[in-house]
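Below, each value reflects all heavy atoms present in this structure, side chains not excepted, and no hydrogens, waters or symmetry copies.
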Number of protein chains: 2
Amino acid sequence: MYDELKYWYLRDHKLFLTLNMSQIKQLCIISGFKTAKKGEVIYFSSSDLPRIYLLKKGNIKIVSVDEEGNETIKEIIQKGDLFGELSLENDGDVNEYAKVLTDEVSICSFLLSDFEDLLVRNPSLALSYTKFVGLKMKRFKNNYSNLVSKDARTRLISFIKDWAEREGIQEGKKYTISNYLTQTDIAQIICTSRQTATLLLNELEEKNLIYYNRKEITIEDISKL
Amino acid sequence: MYDELKYWYLRDHKLFLTLNMSQIKQLCIISGFKTAKKGEVIYFSSSDLPRIYLLKKGNIKIVSVDEEGNETIKEIIQKGDLFGELSLENDGDVNEYAKVLTDEVSICSFLLSDFEDLLVRNPSLALSYTKFVGLKMKRFKNNYSNLVSKDARTRLISFIKDWAEREGIQEGKKYTISNYLTQTDIAQIICTSRQTATLLLNELEEKNLIYYNRKEITIEDISKL
DNA sequence: CTCCGTTTGTAAACTACCCGACAATTCTTT
DNA sequence: AAAGAATTGTCGGGTAGTTTACAAACGGAG
């Protein structure tokens with residue numbers, strides 16, 4: 001029964017569609033499963049054996065810390081996303097951790113070495129996986145160029161739009177997002193100070209473009225944003 | 001003879017070490033080879049069939065252009081590096097091109113589809129390639145965080161250090177780089193305005209940390225930089 | 001219901017960097 | 001050698017965004 005559960009979790013991830021039943025079962029045997037609560041840190045680069053994680057429920061943030069203790073949010077991980085040592089190599093120098101944002105999350109994980117074995121034995125999975133990593137990279141590049149050429153307001157707006165389209169509930173032009181981020185989080189994502197983020201959010205609210213509170217964000221008309 | 005040349009070019013790239021002779025020959029048959037001169041544009045995303053390129057001689061820059069025509073240098077490609085549709089998927093929306101920086105470059109290329117075939121038939125190559133893409137991503141993330149938390153001066157210094165270590169000629173603590181970049185290029189790489197880059201470079205020179213001219217850059221003592 | 005930690009709101013001083021404008025220098029071409 | 005093009009140097013004015021600092025509001029724990 002418990003194994004069945006894990007099986008199911010992997011099965012419905014798009015990356016594993018190319019695998020047949022027995023291959024999935026094989027990966028399931030080696031996979032671990034756990035849940036965690038809000039605020040917990042569930043992953044630390046440069047600790048333990050390198051692993052790949054699959055988030056099944058909830059949301060987490062990947063935070064990286066530089067030498068001076070500066071924290072930036074690298075990524076928001078959602079249900080169905082992979083995270084961890086995705087580049088298949090544990091990098092000593094990069095320091096990052098994953099923190100739970102929602103009330104509860106469930107994740108399953110497997111050792112990097114086991115995953116590598118599977119990739120070698122399944123070339124087409126390796127190919128899909130490479131494309132997957134490539135896609136991640138592309139998304140990064142995109143953020144990167146936003147940071148360079150756009151101002152904080154534009155970055156905030158495009159983040160909100162993105163968020164809404166990704167996991168908001170749509171009713172015509174109206175989107176409702178269940179908000180698990182603080183304004184500090186949002187500021188760190190769009191790379192600005194908390195004060196600027198607050199200012200801009202209130203500004204958008206004054207113009208009736210969005211309605212913001214701690215529980216949810218409503219976008220009246222996404223085309224006007 | 002000509003085929004032999006191409007064979008050699010692929011053979012000495014670290015990524016292709018796992019392939020045996022016949023596999024390399026196979027890739028060689030499908031690979032194209034050409035040279036180009038300074039200023040030429042040799043690659044354009046969203047044109048032609050998607051390809052992967054291997055730079056054999058010289059240097060090129062990958063420039064991306066956003067909607068407003070803003071140009072940023074994404075990457076400097078050096079001898080031995082791969083570029084092109086590395087993520088194995090041609091992205092319609094991203095607009096980038098490659099321009100030759102040195103007097104002459106020679107490159108070889110192969111179709112993405114052919115490369116994919118090869119990957120599927122060579123699982124260990126697929127794995128190496130995935131790690132390779134992962135590494136690229138990591139380097140990106142690093143630049144990205146520099147952009148966020150460091151000021152222009154720090155970014156310039158870390159770029160120069162990087163450059164020196166990557167391709168400078170070392171004599172003790174002294175490094176000499178053959179300079180194929182204009183100050184405008186450098187500015188675009190570290191994401192600042194040309195004026196600021198000029199200012200900072202002159203400042204470093206006044207402090208005798210570097211000696212700069214159009215042909216070469218000398219770092220007196222890299223540990224003091 | 002009250003208390004306390006977290007999150008949000010607001011204001012003023014300060015600054016790194018951008019932008020425009022123009023001059024000076026160096027390389028290229030003829 | 002001279003003209004033209006590209007690159008580099010320099011100067012203020014303007015500003016988006018940071019930083020510091022404090023007050024207000026919210027929300028969970030007891």
Side-chain angles (χ1 to χ4, degrees), chain A residues 37-40 61 66 68-73 99-104 146-157 159-160 178-207 210-217, chain B residues 37-40 61 66 68-73 99-104 146-157 159-160 178-207 210-217:
Chain A
K37 296 215 178 298
K38 193 168 190 168
E40 273 187 70
K61 60 177 176 184
D66 70 359
E68 289 118 42
N70 244 322
E71 300 208 340
T72 340
I73 296 187
K99 198 172 210 173
V100 179
L101 291 172
T102 43
D103 289 342
E104 204 181 77
N146 269 351
L147 202 56
V148 173
S149 52
K150 311 277 192 297
D151 62 0
R153 142 180 275 100
T154 317
R155 259 145 46 207
L156 175 63
I157 290 175
F159 166 70
I160 295 178
S178 117
N179 180 19
Y180 47 83
L181 297 173
T182 66
Q183 296 191 354
T184 310
D185 285 331
I186 295 176
Q188 284 177 320
I189 291 170
I190 63 169
C191 294
T192 187
S193 65
R194 198 223 84 222
Q195 290 86 327
T196 311
T198 304
L199 194 79
L200 290 171
L201 280 170
N202 290 336
E203 206 177 293
L204 289 178
E205 193 155 26
E206 255 167 43
K207 290 183 186 164
I210 65 167
Y211 176 70
Y212 179 97
N213 71 39
R214 294 184 186 193
K215 292 274 173 229
E216 63 178 32
I217 301 175
Chain B
K37 297 214 177 299
K38 193 168 189 168
E40 273 187 68
K61 60 178 176 182
D66 70 359
E68 289 120 39
N70 246 321
E71 299 207 340
T72 340
I73 296 187
K99 199 173 208 173
V100 179
L101 291 173
T102 43
D103 288 342
E104 204 182 76
N146 269 350
L147 203 55
V148 172
S149 52
K150 311 279 192 298
D151 63 1
R153 138 179 278 99
T154 317
R155 258 147 46 208
L156 175 63
I157 290 175
F159 166 69
I160 294 178
S178 117
N179 179 20
Y180 47 83
L181 296 173
T182 67
Q183 296 191 355
T184 309
D185 285 331
I186 295 177
Q188 283 177 321
I189 291 169
I190 62 170
C191 294
T192 186
S193 66
R194 199 222 83 221
Q195 291 90 321
T196 311
T198 304
L199 194 79
L200 291 172
L201 280 171
N202 291 336
E203 207 176 292
L204 290 178
E205 193 156 25
E206 255 166 43
K207 290 182 187 165
I210 64 168
Y211 176 71
Y212 179 98
N213 70 39
R214 295 186 185 191
K215 291 276 173 229
E216 63 178 33
I217 302 175

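- Closest of all the heavy-atom pairs between A/Leu147 and A/Ile190 is CD1-O, 4.2 Å.
- A donor-acceptor pair is defined here as one N or O able to donate and one able to accept, closer than 3.5 Å; no such pair exists between the side chain of A/Arg194 and the backbone of A/Gln183.
- Residue A/Thr192 has a polar side-chain atom (N or O) positioned under 4.0 Å from OP1 or OP2 of D/dT18.
- A salt bridge is absent between A/Asp103 and A/Lys37: the closest approach of a Lys/Arg side-chain nitrogen to an acidic carboxylate oxygen does not fall below 4.0 angstrom.
- The side chain of A/Asn213 contributes no N or O atom lying less than 4.0 Å from OP1 or OP2 of C/dT7.
- Here B/Thr182 lies in heavy-atom contact (under 4.0 Å) with sugar-phosphate atoms only.
- Rounding to whole angstrom units, CZ of residue A/Arg194 and P of C/dG9 are separated by 8 Å.
- In this model, the phosphate group of C/dC18 is approached by a side-chain N or O of B/Thr196 to a distance below 4.0 Å at OP1 or OP2.
- Atom CG of A/Asp151 and atom C1' of D/dT15 are 11 Å apart (whole Å).
- For B/Leu101 and D/dT7, the CG to C1' distance is 15 Å, given to the nearest whole Å.
- The distance between atom CZ of B/Arg214 and atom P of D/dA5, rounded to the nearest whole Å, is 16 Å.
- Side-chain atoms of A/Glu205 come within 3.5 Å of backbone N or O of A/Tyr212 as a donor-acceptor pair.
- At whole-Å resolution of the value, CD in B/Glu205 and C1' in C/dT25 are 14 Å apart.
- The base of D/dG9 lies outside donor-acceptor range of the side chain of B/Gln183, with no N or O pair under 3.5 Å.
- Separating the CG atom of A/Asp103 from the P atom of D/dG27 is a distance of 14 Å, rounded to the nearest angstrom.
- B/Asn202 has its CG atom 17 Å from the P atom of D/dT7, to the nearest Å.
- Nearest heavy-atom pair, B/Thr196 versus B/Ala152, reported as atom, atom and distance to 0.1 Å: CG2-CB, 4.3 Å.
- Of the two residues near DNA chain D, A/Arg155 and B/Thr198, the one whose nearest nucleotide lies more 5' is B/Thr198.
- Distance A/Ile190 CD1 to D/dT18 P: 9 Å, rounded to the nearest Å.
- Residue A/Gln195 places no side-chain atom within donor-acceptor reach of the base of C/dT8, judged by atom type and a 3.5 Å distance cut-off alone.
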